[in-house]
Amino acid sequence: MPELPEVHNFKQYFDAAATNQVIDRVTVHDDKIIRNMSGPVFTDALAGRKITGSVRRGKYLFAQLENGHDLLLHFGMNGDLNLYQDESDRGRFERFALHFRDGNTLGFDDSRKFARILYLEDRLAYIEQIKLGPDALDLEEAYFLHQLEGRKTTLKGILLNQSVVAGLGNLYVDEICYRTRLHPASRVNAMTLEQKKMIYREIIDVMEYATQNAPYYRDYPENWFWHTWRHEGGQDPEGEGAVEITKVAGRTTYYVQGRQKLVE
DNA sequence: TGTGATGTTGAATG
DNA sequence: GCATTCAACATCAC
């Protein structure tokens with residue numbers, strides 16, 4: 001599930017659960033989820049470490065350790081955090097868990113195993129390495145406009161590109177396109193400056209609204225866009241047209257025919 | 001029971 | 001070399 005607003009919520013949950021906790025030991029149920037070292041090496045690297053806080057950038061959550069290193073949590077398609085005391089509360093799909101000295105355990109659940117966990121000695125070097133762009137909430141207009149120059153890809157493709165702006169995913173991109181009245185398959189190089197500025201504005205507005213109003217993980221408000229128009233048989237709340245389903249940038253895409261203009 | 005899924009990557013292609 | 005596209009990843013839910 002996680003896009004920027006969900007990971008924002010994971011951060012809140014993580015900070016409350018783990019800040020100032022000392023890791024007593026680590027359990028790894030599935031070595032493959034740790035992407036840059038073996039399970040035992042990972043376990044040794046974390047044992048005895050204190051967690052001092054966390055930093056979020058896009059969909060990436062960096063848990064900071066007192067030695068200056070970081071534990072990177074990327075939630076993939078359906079990662080989740082689960083703090084518990086009683087072993088019976090352990091998640092069915094827990095892949096690894098931090099056991100704190102105070103007796104609590106923070107489990108990382110991930111049924112589909114698309115999550116990525118790394119132990120990082122240098123967070124900034126890693127961000128540089130994967131070319132992760134600025135967080136959507138920190139996006140500056142001039143930078144964004146510059147990133148769009150000379151691009152021939154689709155509007156949806158550019159918004160999903162984490163190097164351009166970090167944090168947007170399939171659902172929120174559809175909502176941004178809906179609000180701008182632009183068809184998601186519109187070509188970036190065919191759009192006017194005004195249209196690009198409008199996209200910038202909606203990125204910020206949608207992300208701010210979502211982070212301020214989203215409850216933890218599920219159970220979004222009734223008027224959330226995927227309850228109204230972004231689903232099979234959905235209705236455009238403004239009644240301007242029919243909801244169509246197609247594929248853009250390789251992803252399932254919803255848009256309102258008649259409302260969203262294809263610019264190419 | 002077959003299909004699709006809210007993400008990322010690396011290989012293939014242009 | 002760069003931008004872009006697309007299959008692959010592994011498993012579950014509908």
Side-chain angles (χ1 to χ4, degrees), chain A residues 1-10 29-36 56-62 72-81 91-96 108-118 120 126-133 135-136 146-178 184-190 203 206-207 209-211 214-221 224-234 245-255 264:
Chain A
M1 321 269 175
E3 300 185 32
L4 188 154
E6 287 74 26
V7 181
H8 170 82
N9 286 332
F10 286 140
H29 305 295
D30 187 333
D31 273 33
K32 276 207 255 181
I33 201 173
I34 316 297
R35 305 298 174 127
N36 65 342
R56 185 192 60 71
R57 177 148 160 178
K59 306 170 192 173
Y60 293 71
L61 184 61
F62 300 89
L72 166 59
L73 307 175
H74 188 290
F75 297 84
M77 291 282 252
N78 55 356
D80 196 7
L81 296 173
R92 183 177 158 210
F93 302 112
E94 183 178 284
R95 302 304 177 191
F96 83 97
F108 186 97
D109 300 349
D110 181 32
S111 62
R112 283 178 63 196
K113 299 188 179 181
F114 274 26
R116 335 177 76 79
I117 308 300
L118 286 83
L120 300 176
Y126 178 77
I127 288 172
E128 178 76 17
Q129 180 199 326
I130 65 171
K131 298 184 166 51
L132 186 61
D135 188 78
H146 182 67
Q147 287 295 306
L148 266 45
E149 280 172 26
R151 297 299 196 104
K152 293 181 178 147
T153 190
T154 57
L155 170 56
K156 180 151 192 172
I158 204 88
L159 294 179
L160 286 172
N161 186 335
Q162 303 298 300
S163 297
V164 172
V165 49
L168 306 181
N170 200 21
L171 266 49
Y172 285 99
V173 164
D174 278 2
E175 173 68 0
I176 290 164
C177 292
Y178 171 85
S186 294
R187 293 285 155 183
V188 172
N189 59 345
I203 292 172
V206 169
M207 285 300 110
Y209 182 79
T211 49
Y216 181 71
Y217 208 16
R218 274 171 256 271
D219 200 25
Y220 283 87
W224 229 231
F225 60 90
W226 50 80
H227 294 310
T228 58
W229 69 270
R230 196 191 183 282
H231 63 84
E232 183 109 40
I245 306 173
T246 183
K247 259 203 165 40
V248 180
R251 310 296 301 280
T252 299
T253 297
Y254 291 72
Y255 70 99
E264 59 184 350

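In what follows, every chain begins at residue 1, and chains take the letters A, B, ... in the order their sequences are listed.
An OP1 or OP2 oxygen of B:dT8 is reached within less than 4.0 angstrom by a side-chain nitrogen or oxygen of A:His74. Between A:Lys59 and the phosphate of B:dT8, there is a side-chain N or O to OP1/OP2 separation shorter than 4.0 Å. Within the 4.0 Å cut-off from OP1 or OP2 of C:dA10, at least one side-chain nitrogen or oxygen of A:Lys32 is found. Checking the phosphate oxygens (OP1, OP2) of B:dA5, a side-chain nitrogen or oxygen of A:Thr252 falls inside 4.0 Å.
Across the protein-nucleic acid pair, A:Asp110 atom CG and B:dA5 atom P stand 18 Å apart, rounded to whole Å. Protein atom CG of A:Leu4 is 12 Å distant from nucleotide atom P of B:dG7, rounded to whole Å. Nucleotide B:dT6 holds its P atom 18 Å from the CH2 atom of A:Trp224, rounded to whole Å. Here the P atom of nucleotide B:dG7 and the CZ atom of A:Arg112 are 10 Å apart, to the nearest Å. When rounded to the nearest whole Å, the span between CZ of A:Phe114 and P of B:dT6 equals 11 Å. Computed from coordinates, the A:Asn78 CG to B:dT8 P distance equals 13 Å when rounded to whole Å. When rounded to the nearest whole Å, the span between NE2 of A:His231 and C1' of B:dG4 equals 17 Å. Rounded to whole Å, the distance from CG on A:Asn189 to P on C:dA3 is 14 Å.
Ranking C:dA13, C:dT5, B:dG7 by closeness to the A:Arg251 side chain, first place goes to B:dG7. Ranking B:dG7, C:dC12, C:dA3 by closeness to the A:Arg151 side chain, first place goes to C:dA3.
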Per-nucleotide protein contact along nucleotides 9-14 of chain B, 5' to 3', at a 4.0 Å heavy-atom cut-off (B base, S sugar-phosphate only, - neither), is S-----

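Across all non-hydrogen atoms, the minimal contact from A:Leu160 to A:Asn170 is CD2-N, 3.7 Å. Between A:Tyr255 and A:Thr246, the closest heavy-atom pair is CE2-CG2, 3.5 Å.
Between A:Arg187 and A:Thr154 the shortest side-chain heavy-atom distance falls below 4.5 Å. Side-chain contact between A:Ile33 and A:Phe108: present, with at least one pair of heavy atoms (C-beta onward) separated by less than 4.5 Å. Using a 4.5 Å cut-off on side-chain heavy atoms (C-beta onward), A:Val164 and A:Arg151 make contact.
Note that the CG atom of A:Leu4 and the CZ atom of A:Arg57 stand 12.0 Å from one another [nearest 0.5 Å]. A distance of 11.5 Å separates CH2 of A:Trp224 from CG of A:Leu171, quoted to the nearest 0.5 Å.
When heavy atoms are screened at a 4.0 angstrom cut-off, A:Phe93 is found touching the sugar-phosphate backbone but no base atom.
The side-chain hydrogen bond (donor to acceptor under 3.5 Å, both in side chains) test with A:Thr253 is passed by exactly one of A:Lys156, A:Arg230, A:Lys247: A:Lys156.
Between A:Asp110 and A:Arg95 no salt bridge is recorded (no basic side-chain N to carboxylate O distance below 4.0 Å).
Side-chain rings of A:Tyr178 and A:Phe225 stay apart, their centers remaining 6.0 Å or farther from each other.
Within residues 152-170 of chain A, the residues that have a heavy atom under 4.0 Å from DNA chain B are, in order of number, A:Gln162, A:Gly169, A:Asn170.
Cation-pi check for A:Arg112 over A:Phe114 is met; the charged atom lies under 6.0 angstrom from the ring centroid and within 45 degrees of its normal.
Among the duplex regions that DNA chain B forms, those built from at least three successive Watson-Crick or G-U pairs under 3.5 Å are B:2-5 with C:11-14, B:7-14 with C:2-9, ordered by first number.
Classified by interplanar angle (parallel below 30°, tilted 30° to 60°, perpendicular above 60°), the ring pair A:Tyr126/A:Phe62 is perpendicular.
Spacing between C:dC9 and B:dT1 at atom P, rounded to whole Å, works out to 24 Å.
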